[in-house]
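Naming: A, B, ... by sequence-line order, numbering from 1 per chain. The structure presented is a predicted model; accordingly, all values stated were derived computationally and were not measured. Below, all heavy atoms of this structure are taken into account, side chains as well, without hydrogens, waters or symmetry copies.
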Amino acid sequence: MAIPIERLDEYRWRIPPDAKPGMRVPAIIFADEKLMDQIRHDLSLEQAANSATLPGIVRAAYAMPDIHQGYGLPIGAVVATDPETGVVTPGGVGYDINCGVRLLRTELTRTEVLPRLKELVNGLFATIPTGVGTQGKVRLTRENARKPLEQGARWAVEQGLGEPEDLVTAEASGCIAGADPDAVSPRAYERGRAQLGTLGSGNHFLEVQVVEKIYDEQAANVLGLFPGQVTVLIHSGSRGFGHQVCTDYLASMERALKKYGIQLPDRQLACTPLRSEEASAYLGAMRAAANYAWTNRQCLTHWAREVFQQVFRKSPRDLGMWVVYDVAHNIAKLEEHEVDGKKRRLLVHRKGATRAFPPGHPELPERYRSIGQPVLVPGDMGRASFVLVGTDGAMRETFGSTCHGAGRVMSRAAAIRAARGRAIERELEDTHGVYVRASGRDSLKEEMPEAYKNVQDVVTVCHNAGISRMVVKLKPIGCIKG
DNA sequence: ATGTCC
């Protein structure tokens, strides 16, 4: 059954609340014609409509142009719920809690790096553990885990893995308050014990890039970015730890649905009222997993820096390898938003969506107040990634949110099928000029550029719709993957 | 995303 959808303008579409039984509000999708044609191929519009049935949902369910099919909610969804009448759903955060992106800048230029690119990428690949189930150099036990889970990236910095300055330019300073280590299951501890400081697999990567194009010189300047400059983009999350937290609480909430009299079109939307004990426990555990992910990206930052220092024989000062910003794109947060002229505290679920707070917002680091919050949008391995900034438009329309990536057009299985007999590693080097090292046998096939939408199309829609602004385009030259 | 099935 096709979902009825009406076009509002060049970049906005609407699924009316009478499209499906149980919808409480409309669903709004940001896309142009070309992206909408790609979106129609999977269940994501159905899932966007389903998300509008969640109890206590405020104003509308939103979907970004990189939307694709996920568990329960589509990936690329933004759903805000009311703390009194609303629910929290783990499917609205995703399995990889605080999957996110961190951008590092350097003082190096393309000309300096290209002659030593292979040495650099090989060094990164040798130093940073990649792949499924890999172990890192940091060990957590139930006894010593409390600190990183409560303090996030700060804990890593205190262990000597990074600089205090790194925390200034991370979303929430790399730590969300309200983590409850006691709400995390023994199994999650077991899975997360040896995985701090590991990249993971799937679409996770560490990429060496060059600043290829600047759209907003003033904002780029504030971010410390210039043409021809080498940057590093890290995409990773909370590994098996967050995955287990999600698994545990989906089960707990599914069991509790009857108790709270919640009716859903899809069991994958399992949720409980925000005021319930299940919801409090989930949020405590989710925040612990979010802090695990920020600690993880901090560890990866430190080791990437060490490799750069060794390869280029530069002092930390001359290398200038600072954190530009770090965003969470799978998380639920309590935030203040204006709804119908009234300020309200809401739980904003962002699943495959990035916070995009406008200039002047009090949660931004002072040095970025004038330009708005940096938004990091990774694309595919071959083409490009983007830095955007948040806008007043996002605050008005999408609870301060924008896109998070390119979005898949092929399932993993379809991508492997389409890449059969092809040497993706060679193609990346020959046609895109990207030197890549990967540990998984099929990971390059799953992640090949044509398995994704063109991220340029995605960010252009967000820019033109006014929910973020394009600042810089980054071109990959080297990559390590799981 | 993920000890890609406890």
Side-chain angles (χ1 to χ4, degrees), chain A residues 42-44 47 66-77 89-102 129-136 139-140 184-206 234-252 254-255 268 270 282 285-286 288-290 292-294 296-297 300 327-332 349-354 378 380-381 404-408 410-417 438-447 451-452 481-482:
Chain A
D42 65 19
L43 287 176
S44 51
Q47 291 182 328
D66 50 330
I67 177 182
H68 56 284
Q69 195 175 319
Y71 184 93
L73 264 64
I75 294 156
T89 173
V93 171
Y95 271 96
D96 191 1
I97 294 165
N98 191 3
C99 183
V101 197
R102 175 177 287 211
T130 60
V132 182
T134 43
Q135 307 204 339
R139 282 289 177 284
L140 283 189
V184 175
S185 71
R187 183 176 286 185
Y189 278 100
E190 181 48 40
R191 288 181 65 177
R193 194 174 61 87
Q195 293 188 326
L196 256 190
T198 64
L199 191 65
S201 68
N203 63 0
H204 289 165
F205 62 78
L206 185 150
I234 298 169
H235 181 204
S236 187
S238 52
R239 313 288 287 102
F241 186 88
H243 191 278
Q244 191 61 43
V245 168
C246 181
T247 303
D248 292 338
Y249 283 95
L250 278 170
S252 142
E254 212 177 306
R255 282 193 302 271
Q268 294 186 357
Y282 169 67
M286 181 210 74
Y292 183 105
W294 269 311
N296 190 34
R297 290 197 287 277
L300 300 174
V327 295
H329 56 221
N330 280 8
I331 200 164
H349 300 73
R350 294 192 184 91
K351 181 196 197 177
T354 314
D380 61 73
M381 284 188 288
H404 89 304
R408 295 196 80 94
M410 280 183 207
S411 70
R412 289 189 180 162
I416 290 171
R417 232 177 297 130
S439 49
R441 208 174 59 87
D442 283 331
S443 66
L444 289 181
K445 287 179 172 152
E446 287 176 2
E447 294 294 316
Y452 283 88
K481 284 197 73 72

In whole angstroms, how far is the [atom2] atom of [N] from the [atom1] atom of [X]?
X        : N     : atom1 : atom2 : answer
A:Glu447 : B:dT2 : CD    : C1'   : 14 Å
A:Lys481 : B:dT2 : NZ    : P     : 11 Å
A:Asp96  : B:dT2 : CG    : P     : 6 Å

My understanding is that only residues two or more places apart in sequence, or in another chain, count here; which of them pass side-chain contact (heavy atoms from CB on, under 4.5 Å) with A:His68?
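Per chain and number, A:His68 pairs via side-chain contact (heavy atoms from CB on, under 4.5 Å) with A:Asp42, A:Ile75, A:Arg408.
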Please list, chain by chain and in numerical order, all residues satisfying ring-ring contact (aromatic ring centres under 6.0 Å, His included) with A:Tyr95, sequence neighbours excluded.
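Counting only residues at least two positions away or on another chain, A:Tyr95 forms a ring-ring contact (aromatic ring centres under 6.0 Å, His included) with A:Tyr71, A:His243.
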For A:His204, ring-ring contact (aromatic ring centres under 6.0 Å, His included) partners two or more places apart:
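With sequence neighbours excluded, A:His204 shows a ring-ring contact (aromatic ring centres under 6.0 Å, His included) to A:His235, given in chain and number order.
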Contact class for A:Gly240 vs. all strands (heavy atom < 4.0 Å): base, sugar-phosphate, or nothing?
sugar-phosphate
Categorize A:Gly202 for me: base, sugar-phosphate, or nothing, with a 4.0 angstrom heavy-atom threshold over every strand shown.
sugar-phosphate
For A:Glu254, all residues meeting salt bridge (Lys or Arg N to Asp or Glu O under 4.0 Å), sequence neighbours excluded:
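Once residues adjacent in sequence are excluded, the partners of A:Glu254 under the salt bridge (Lys or Arg N to Asp or Glu O under 4.0 Å) criterion are A:Arg267.
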With sequence neighbours left out, what residues match A:Arg193 under salt bridge (Lys or Arg N to Asp or Glu O under 4.0 Å)?
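Salt bridge (Lys or Arg N to Asp or Glu O under 4.0 Å) list for A:Arg193, sorted by chain: A:Glu190.
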All N/O pairs under 3.5 Å across the protein-nucleotides 4-6 of chain B interface:
none

Working note: A:Arg297 + A:Asn98, criterion side-chain contact (heavy atoms from CB on, under 4.5 Å); need CA distance, chi angles, decisive distance, verdict.
CA-CA 10 Å; A:Arg297 290 197 287 277; A:Asn98 191 3; 2.8 Å; yes
